[in-house]
Amino acid sequence: MKESTYEERFARYYMRDMEQSQDQEGIQLFFQLQEELMDHITRSHALEAQKTMKKLQVILRKRAPEAIETALPRFYLTQVALFANELQKFGISPVKIFCFSSASIELIYSWNTEKEMVEGGRWLVESFIDMISERLNPLFSHPIVSQAAEYINHHLEEPIEVDAVAKEIGISPSYLAKLFKQEAGMTVKQFSNHRKVVEAKYYLQFSNKEIAQIADQFSFCNQSYFTKVFKDQMGLTPKQFRLSLQEAKKSYQESS
């Protein structure tokens with residue numbers, strides 16, 4: 001028997017889905033809700049985003065009650081792709097976007113039950129919002145300051161000085177320093193250190209790297225300076241921060 005072509009298989013799937021979806025309640029609102037979801041996420045409106053995610057899950061469950069464990073992962077994969085596209089607007093590096101997307105997709109494929117997938121949808125919303133609100137630069141209104149913040153985000157693992165940032169943008173260091181302080185409320189160095197600490201927190205929480213290695217990775221001159229900057233920002237030293245997370249995890253596991 002001759003194997004069907006891609007076009008024939010696509011047509012079969014398409015016609016099947018058209019029959020299933022034509023009169024399905026909620027389908028007409030699906031893409032509008034999808035846009036609302038991404039808008040809530042990029043604005044860090046957590047409660048509204050979770051409500052919208054729940055509405056989308058309900059629509060998918062009504063449409064495919066017998067295949068929800070297939071429908072939900074497909075939907076989440078679409079959201080990862082849409083979110084990756086949004087991330088480009090926030091000045092995050094292509095490598096980080098690619099790796100974030102890849103890790104999200106691998107996690108989605110690891111979910112096996114409907115319960116995991118529903119809870120996973122909530123986690124994705126939280127994760128996306130965290131990515132926007134904690135790990136990316138604010139959307140500065142001034143284009144020069146926005147350019148500077150984007151440059152900093154792309155070079156967090158390098159030493160960052162106002163002279164190098166100004167040279168990249170094509171303006172004088174003194175003008176950039178004054179403009180950045182006026183717009184961002186902090187110096188270029190303070191902003192770059194802030195961003196480095198935010199990124200370093202992730203490694204302190206999820207990697208086994210030594211604190212000295214993390215300090216070196218983000219080009220702090222030494223571990224002592226990294227500790228000082230981290231404590232000024234977080235109120236804890238990197239070691240205290242890591243230990244607090246370990247204790248919280250242990251306490252949660254014991255109470256579960």
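This one's a predicted model, so the numbers in the text were calculated from it and none came from an experiment.
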(request) Apply salt bridge (Lys or Arg N to Asp or Glu O under 4.0 Å) to the pair Arg12 and Glu8, showing each step before the final yes or no. (result) CA-CA 6 Å; Arg12 186 163 64 248; Glu8 289 170 337; over 6 Å; no
(request) Please report the C-alpha distance between Glu158 and Ser192 in whole Å, then the side-chain angles of each, then the deciding distance to 0.1 Å, and finally whether the side-chain contact (heavy atoms from CB on, under 4.5 Å) criterion is met. (result) CA-CA 10 Å; Glu158 303 171 17; Ser192 66; over 6 Å; no
(message) Assess the residue pair Tyr202 and Phe206 against the criterion (ring-ring contact (aromatic ring centres under 6.0 Å, His included)); give the C-alpha distance rounded to whole Å, side-chain angles, the decisive distance to 0.1 Å, and a yes or no.
(response) CA-CA 6 Å; Tyr202 197 80; Phe206 295 111; 4.9 Å; yes
(message) Between Asp163 and Lys167, does any NZ, NE, NH1 or NH2 come within less than 4.0 Å of an OD or OE carboxylate oxygen?
(response) no
(request) Applying ring pair (Phe, Tyr, Trp, His ring centres under 6.0 Å), name anything that partners His155, two or more places apart in sequence or on another chain. (result) Tyr151
(request) Give me the ring orientation class for His40 and His45: parallel if the planes are under 30° apart, tilted from 30 to 60°, perpendicular past 60°. (result) tilted
(request) List the steps and the verdict of side-chain contact (heavy atoms from CB on, under 4.5 Å) for Gln147 and Ile171. (result) CA-CA 11 Å; Gln147 274 184 275; Ile171 61 175; over 6 Å; no
(message) Using side-chain contact (heavy atoms from CB on, under 4.5 Å), reason through Asn153 and Glu199 one step at a time and then give a plain yes or no.
(response) CA-CA 10 Å; Asn153 272 312; Glu199 291 291 324; 5.8 Å; no
(message) What I'd like to find out is whether the side chain of Leu204 reaches to under 4.5 Å of the side chain of Met234, using heavy atoms alone.
(response) no
(request) Please check if the side chain of Ser127 supplies one atom and the backbone of Trp123 the other of a donor-acceptor pair under 3.5 Å. (result) no
(request) Would you indicate whether the side-chain heavy atoms of Leu236 and Ser244 approach each other to under 4.5 Å? (result) yes
(request) Check for a donor-acceptor pair, side chain of Thr237 on one end and backbone N or O of Lys231 on the other, with a separation under 3.5 Å. (result) no
(message) With a sphere of 6.0 Å drawn around CZ of Arg43, does it hold more than 12 non-hydrogen atoms of other residues, nucleotides or ligands?
(response) no
(request) Provide the closest heavy-atom pair for Phe226 versus Pro238 in the form atom of the first, atom of the second, distance. (result) CE2-CG, 3.6 Å
(request) Side-chain contact test, heavy atoms from C-beta onward, threshold under 4.5 Å: evaluate it for Met38 versus Asn85 and give yes or no. (result) no
(message) I'd like to know whether NZ of Lys51 has more than 12 heavy-atom contacts from other residues, nucleotides or ligands below 6.0 angstrom.
(response) no
(request) Spell out, as yes or no, whether a donor-acceptor pair under 3.5 Å connects the side chain of Lys196 to the backbone of Ala215. (result) no
(request) Run the numbers on Phe230 and Lys201 for side-chain contact (heavy atoms from CB on, under 4.5 Å), then give the verdict. (result) CA-CA 9 Å; Phe230 193 96; Lys201 282 167 56 183; 3.8 Å; yes
(request) Treat each ILVMFWY residue as a node, draw an edge where side-chain heavy atoms are under 4.5 Å apart, and state whether Phe10 and Met15 are in one component. (result) yes
(request) Answer with yes or no whether the hydrophobic clustering places Leu29 together with Val58; edges join I, L, V, M, F, W, Y residues whose side-chain heavy atoms lie under 4.5 Å apart. (result) no
(message) Check this for me: does any side-chain nitrogen of one of Glu126 and Arg122 sit under 4.0 Å from a carboxylate oxygen of the other?
(response) no
(message) In the structure I gave you, are the side-chain heavy atoms of Leu124 and Ile108 within less than 4.5 Å of one another anywhere?
(response) yes
(request) Using the rule that two of Ile, Leu, Val, Met, Phe, Trp, Tyr join whenever any of their side-chain heavy atoms come within less than 4.5 Å, decide whether Leu56 and Phe31 are in one cluster. (result) yes
(message) Would the distance check show the side chain of Glu183 and the main-chain N or O of Leu179 forming a donor-acceptor pair, the cut-off being under 3.5 Å?
(response) no
(message) Side-chain heavy atoms nearer than 4.5 Å, only ILVMFWY residues, links allowed to pass through others: does that put Val188 and Tyr175 together?
(response) yes
(message) Just verifying a value: how many Å separate Thr187 OG1 and Lys189 NZ, rounded to the nearest 0.5 Å?
(response) 9.0 Å
(message) Quick check: do Ile59 and Leu33 have side-chain heavy atoms less than 4.5 Å from each other?
(response) yes
(request) Kindly compute the distance separating OG1 (Thr113) from CD (Glu119), expressed to the nearest 0.5 Å. (result) 7.5 Å
(request) Answer whether the closest heavy-atom distance between the side chains of Gln233 and Asn193 falls below 4.5 Å. (result) no
(request) Consider only side-chain heavy atoms of I, L, V, M, F, W and Y, link residues closer than 4.5 Å, and tell whether Phe98 and Leu156 are in one cluster. (result) no
(message) Has Ser102 got a side-chain atom pairing as donor or acceptor with Cys99's backbone, closer than 3.5 angstrom?
(response) no
(request) Answer yes if the side chains of Glu36 and Gln32 hold a donor-acceptor pair under 3.5 Å, and no otherwise. (result) yes
Which donor-acceptor pairs under 3.5 Å do the side chains of residues 69-78 make with protein atoms, sequence neighbours left out?
unit_1 : atom_1 : unit_2 : atom_2 : d
Tyr76  : OH     : Gln57  : NE2    : 2.8
Tyr76  : OH     : Met117 : O      : 2.7
Thr78  : OG1    : Arg74  : O      : 3.1

(message) Can you classify the ring geometry of Phe128 versus Phe83 as parallel (below 30°), tilted (30 to 60°) or perpendicular (above 60°)?
(response) parallel
